[in-house]
Each structure stands twice: as structure tokens, then as C-alpha cells.
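Here's the structure, in C-alpha cells; my notes come after.
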Amino acid sequence: MSTPVVRVRFAPSPTGYLHIGGARTALFNWLFARQQGGEFVLRIEDTDAERSRPELIDIIFRSLEWLGLDWDGTPIHQSEREAMHLAAVETLLANGSAYWCSCSSEEVKARAEARGGTPGYDGFCRKRNLGAGDGHVVRFLVPEDGTTSFEDLIRGTVSFENAVLEDFVILRSNGTPMFHLANAVDDADQGITHVIRGEDLINVTPKVLLLREALKTPGELIFAHLPLIVNEKRQKLSKRRDDVSVGDYIDRGYLSEAMVNYLATLGWGPPDNIEIRPLGEIIDLFRLADVGKSGAFFDVKKLQHFNGEYIRKLSVPQFIDRSTRWLNVDTPWEADRFDIETFKVLAPLVQERVKVLSEVPGYVDFVFSPDPVFDEDSWQKVMVKGADLATAVLDHALAGFAECEWTAASLEGALFSYADEHEISKGKVQAPVRVSVTGRSVGPPLFESLEVLGRDETLRRLANAKSRIRG
RNA sequence: GCCCCCAUCGUCUAGCGGCCUAGGACACCACCCUCUCAAGGUGGACGCACGGGUUCAAAUCCCGUUGGGGGUGCCA
């Protein structure tokens, strides 16, 4: 019985949904843990009661589950460990590493401005020997000289002059601990070995290190700061600015396998250049030291391509199963008109055409709707500008389809005899029929679609469209 | 302002001193295939930010410049 050599944690704060950046951080932690045979634990950083929204915690868990990032043990809620954090504050106060401060935020800011605008606390209360009191906070006494540095697995040595670190608050005036402190204490208590997180947290690292030192925390924490995922303006992804919650991608019909695979290529590339591959291989090939240092743009186009590949890789039954949600909720047709058996016939044809599952209804709505919904552009181009040909083709189809055998092959023969007789491309000939029956100029293969629709309905739509041309 | 970090095609990356005439992928363009659209195939255009070093040799090492990002809260 030995403790694992590697234990990492993902520590979201429940102030928003899980977004792409958080998902990538969680993924890289998970990959590292799984590859090292270590543990991946969760910690909810909810020390800020004002901002924390407990109802989001479950949504974050469900997003992680959807991604397939399973965690070890029961997630810890930082808010429930307040007693330990408070004890650490006492220790620091007792050993002279921290002190009480009565300065309000306004006072700190005013003095900073008077000093010449340099932000930060000036150490005003350092030697005042204040005790607890209304509006008082506890600040950490940062050493005036020396440097605090650490070896980052991704970035190498990173060091900060202690002089540029201000005496930061570790206990708020409302008596609750700040996250640096909670972080330092919890990482130690949970036996965390590696901290893998976004680069936006790189400058809190010296503070945590100073805290650990002052608390005489045994052992060493190894850090790895991941490059940020950025938007098209190359800024850090923001929940407010950018539309990036994992839940949104679930709703749009992205497959979790595709999302995970794509996320793995942001900041990291497999040595053999094969990007789309099973997760197991990614776990084996992943190396923290190979993670890049510069920000990566989240390219939805490329994600879509990955998603299309994964959709096509599904078996047909799997595709049907995964599509269910988009066939039953917010559909363009009345719920009782949907027929799964009919969909099963069309499914393989749809599967090779969609990039996201939310596109599925658009490929089969013609068969579940009482009438085609005409796309204006398609109608204009094919039925108005090409009215003469459309009328002739429709007449030909009406006659041929009335008697031919109702199979895709026969239907094709019946229609394309027109193309042969008049030496017109098949593409031109199929267009009026397609628009008449499905309402659009693009869609699944035509004759298979007609076969599913049935003779009576096909003839009815053809006739309707023909009269609509004149109307 | 100050601190920290970063810099290979439009984008994500491979490259870790000679194998680079810089490779792959997405996107883009052309052609092929084809009943539309996809998928697939073939081909194409596109990049080492700049300037100094070090070295027989630099995309790779060092310094600087420029550019970008992150932080600078009693948020995390």
C-alpha cells in the first residue's frame, strides 16, 4: 500500500458553466493522471460565497462526465474546509508571517494613487501590531528581498522578485479565507503532486509558494502552466464575451469524443502527426513537457471537421441512437409524424453528410412534414429561372413515376431517361424533382428519398410544385 | 506604469544545431468522381516577426528590438 506518485486536481470555481478553457485544463490533468497511473481529483473552489452559485456545480460535473473525464474519490468543496484554512491563518499570525490590517480597499487605492499610480498595498499596517477588529483583514508578510522561483514543467524556470509582490490578503474582513491560502492548504492536505492549470494563474504561484514555505509545508509541488485558449482576437476565452460553454457544444450536436480529441491538439501535438485517434493512444503519447507555450485559437471549423470524422466512424445504429435527441425535441415536424423506422432507412445517407448532429433534422424533415417547406433561393433558381425545363421534367417524372417500379433504381431510370433523350446533364434534370419534393436543392440522394416518401406522396408533391410554378 | 509569459503557413501543430528545398492537419483554390450536397482522390497557393551574435553549419542556442497575451481585487 503506497500513495500514488501522481495526484492532480481540477479546481473549478462555480461562478459559471464549464467552458472550453476549463475543459482543456481538466483534460490535460486527466491525461497526465491516467498516463501516470495517478489520481485525478476534483475540488470546488467556492470560498467566495458572493459569487459562487451552487446550482452550477452539478452542471460542471455533468459536463466533465459528458467529456468522459472521470475523477477519483469524492469532490471536495473548499467551503467545507474553512476550519483548516482558519487554523492556517492562525499559524501564520502566530509565527509572524502575517498581520492584521485595518486599511480599507479605498484607502489602499487612494494611497497608491498618491504614490504615483502604482497599484498595490504599501505595507501600511505591517508594524502596527493590530488585532482582529471590524473591517480588519489579515495580510501575508511578503519578504522584502529575495526571489521566489519554481521550475515549470512547460516553461522552465520562472522567477519573481519578492519586492514586486505586495502583502496580499489571506483573510477577508468578513472572516473568510482567500483562495491563495485555501489553495496552499488544500493542495497540501490532499497530497497533490502536480498543479496543472492555465497560464493566467502563473503569477499567483509565488504567493502560494511563499505561503507553503511559511506554513512549513513538507514536500514539493510541481507546476505546469498551460498556454491559454484564445478567441479570434487572441484574447483569453471569456464566458461573457465568447460563446464557449461545453453545454452549448453538446446542444449543437458535437460528439464528446471529437471534442476531447480536438481539445487535446490545442497546445499539444502527437509526435507522429496523426491528430484524429483513439483516446487511449493520446493517453500513451501525451507528454506534459511537450505542451507548447503559446496561446491556441479555438477553431470551430476544425472541431467540426473532427466531429464529422467521428460521426462517420459511428456504426449506423450508434448514429441513430446519438441522433435521437435531435429527432424528438424542437423538431420542424409535429412529434407524432416522426417514424423511427423511416429514419432508419435514411440514416446511413444522412450520417455521411452531417458535421454536427443538429443538422440531422434538416436532412429528413421533408419526409416527416406534410408538405415541403420551400427554400426561396432554391425555388427561384430552379423553378423560376428554369421554369421551362422544370415544367417539362416534372411532366416527364409525373408520367414515369406513375407506373415504374417503386425502387430507387427504377425511379432513377424513369427520370434520367429524360436526360438521355434531351442530352441534358443528370444534375439539371434531378433539380426540379428535388426542389419539388424536398423544398431544397441540396439533400440526401434523391431516389432513395423518393423511395421512402412513397409513390402517392411523391406524385402529389410533384403536381403541387408544377401548379405552383404557374401560380 | 510595474511584473510574468509567449513568437514556425490564415488557424492548430511537427521540428529540439546538419536528415528543412521547413512536414502534417483545418480552412482556401483547381481538377477528378458524382443525381444535389457531402465524403473520397489528385494537385496548388500559403509560414520560420526583425536585427545582431555563437558555430564549419541556426527555424532550432544567446542578446536585443518589435509585436502579442496574462496578471496587477477583501474574484478564482
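Convention: sequence-line order gives letters A, B, ...; per-chain numbering from 1.
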Describe the nucleic acid contact of [X] in one word from base, sugar-phosphate, nothing, applying a heavy-atom distance below 4.0 Å.
| X | result |
| --- | --- |
| A:G443 | base |
| A:E161 | nothing |
| A:V108 | nothing |
| A:L165 | nothing |
| A:K355 | sugar-phosphate |
| A:N203 | base |
| A:C101 | nothing |
| A:L266 | sugar-phosphate |
| A:S173 | base |
| A:R155 | sugar-phosphate |
| A:P206 | nothing |
| A:E309 | sugar-phosphate |
| A:S105 | base |
| A:S104 | base |

Pair partner, [N] [Watson-Crick or wobble, under 3.5 Å]:
| N | result |
| --- | --- |
| B:rG18 | B:rC56 |
| B:rU34 | none |
| B:rC26 | B:rG10 |
| B:rC50 | B:rG64 |
| B:rC75 | none |

Rounded off to whole Å, could you give me the [atom1]-to-[atom2] distance for the [X] and [N] pair?
| X | N | atom1 | atom2 | answer |
| --- | --- | --- | --- | --- |
| A:K109 | B:rU72 | NZ | C1' | 13 Å |
| A:F306 | B:rU11 | CZ | P | 17 Å |
| A:I20 | B:rC12 | CD1 | P | 16 Å |
| A:F401 | B:rC35 | CZ | C1' | 11 Å |
| A:R434 | B:rA38 | CZ | C1' | 11 Å |
| A:F179 | B:rG71 | CZ | C1' | 11 Å |
| A:D375 | B:rU36 | CG | P | 18 Å |
| A:R197 | B:rG70 | CZ | P | 17 Å |

How about [X]: does its [atom1] atom have over 12 heavy atoms from other parts shown lying under 6.0 Å from it?
| X | atom1 | result |
| --- | --- | --- |
| A:E50 | CD | no |
| A:Y17 | OH | no |
| A:K109 | NZ | no |
| A:E213 | CD | no |

In whole angstrom, give me the gap between the [atom1] atoms of [N] and [M].
| N | M | atom1 | result |
| --- | --- | --- | --- |
| B:rA59 | B:rU8 | C1' | 7 Å |
| B:rC6 | B:rA45 | P | 34 Å |
| B:rC50 | B:rA7 | P | 15 Å |
| B:rU55 | B:rU65 | C1' | 23 Å |
| B:rA39 | B:rA14 | C1' | 27 Å |
| B:rU54 | B:rC62 | P | 15 Å |

Consider the side chain of [X], meaning its heavy atoms from C-beta on, and name the nucleotide among [options] that approaches it most closely.
| X | options | result |
| --- | --- | --- |
| A:D299 | B:rC16, B:rG10, B:rC35 | B:rG10 |
| A:H305 | B:rC12, B:rA76, B:rC26 | B:rC26 |
| A:K302 | B:rG24, B:rA76, B:rG70 | B:rG24 |
| A:R51 | B:rG1, B:rC75, B:rG23 | B:rC75 |
| A:F160 | B:rC75, B:rC4, B:rC6 | B:rC4 |
| A:N273 | B:rC75, B:rG24, B:rC35 | B:rG24 |
| A:D290 | B:rU36, B:rC16, B:rC12 | B:rC16 |
| A:F297 | B:rC37, B:rU11, B:rU72 | B:rU11 |

Does NZ or CZ of A:R111 lie under 6.0 Å from the centre of the six-membered ring of A:F124, at an angle within 45° of the ring axis?
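Here A:R111 passes the 6.0 Å and 45° test against A:F124.
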If you draw the axis of the six-membered ring of A:Y121, does the NZ or CZ of A:R139 fall within 45° of it and under 6.0 Å from the ring centre?
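Verdict for A:Y121: a cation-pi partner in A:R139.
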Below 6.0 angstrom between ring centroids: does that apply to [X] and [Y]?
| X | Y | value |
| --- | --- | --- |
| A:F298 | A:Y249 | yes |
| A:F374 | A:W379 | yes |
| A:F28 | A:W268 | no |

All pairs passing salt bridge (Lys or Arg N to Asp or Glu O under 4.0 Å) where residues 407-429 of chain A contributes a residue, at least two apart:
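Checked against salt bridge (Lys or Arg N to Asp or Glu O under 4.0 Å) - neighbours excluded - no pair reaches residues 407-429 of chain A.
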Qualifying residue for ring-ring contact (aromatic ring centres under 6.0 Å, His included) with A:H194, from A:F10, A:F223, A:F32:
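Of A:F10, A:F223, A:F32, ring-ring contact (aromatic ring centres under 6.0 Å, His included) with A:H194 is met by A:F32 alone.
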Going through the distances and angles, do A:F416 and A:F447 end up as a ring pair (Phe, Tyr, Trp, His ring centres under 6.0 Å)?
CA-CA 11 Å; A:F416 287 155; A:F447 306 107; 5.3 Å; yes
Phosphate oxygens OP1/OP2 of [N]: is one of them under 4.0 Å from a side-chain N or O of [X]?
| X | N | result |
| --- | --- | --- |
| A:K293 | B:rG69 | no |
| A:R234 | B:rC12 | yes |
| A:R172 | B:rA76 | yes |
| A:K301 | B:rC28 | no |
| A:S441 | B:rC37 | no |

Under 3.5 Å, is there an N or O donor on one side and an acceptor on the other linking the side chain of A:R353 and the base of B:rU36?
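Such a pair is found, so the answer is yes.
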Assign a letter to each nucleotide of nucleotides 29-34 of chain B from its 5' end: B, base within under 4.0 Å of a protein heavy atom; S, sugar-phosphate only; -, no contact.
------
How do A:V158 and A:V169 order along RNA chain B: which one's closest nucleotide is nearer the 5' end?
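Nearer the 5' end of the strand: A:V158.
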Taking for each residue the nucleotide of RNA chain B bearing the nearest heavy atom, is the 5' side occupied by A:V164 or by A:L201?
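So the residue in question is A:V164.
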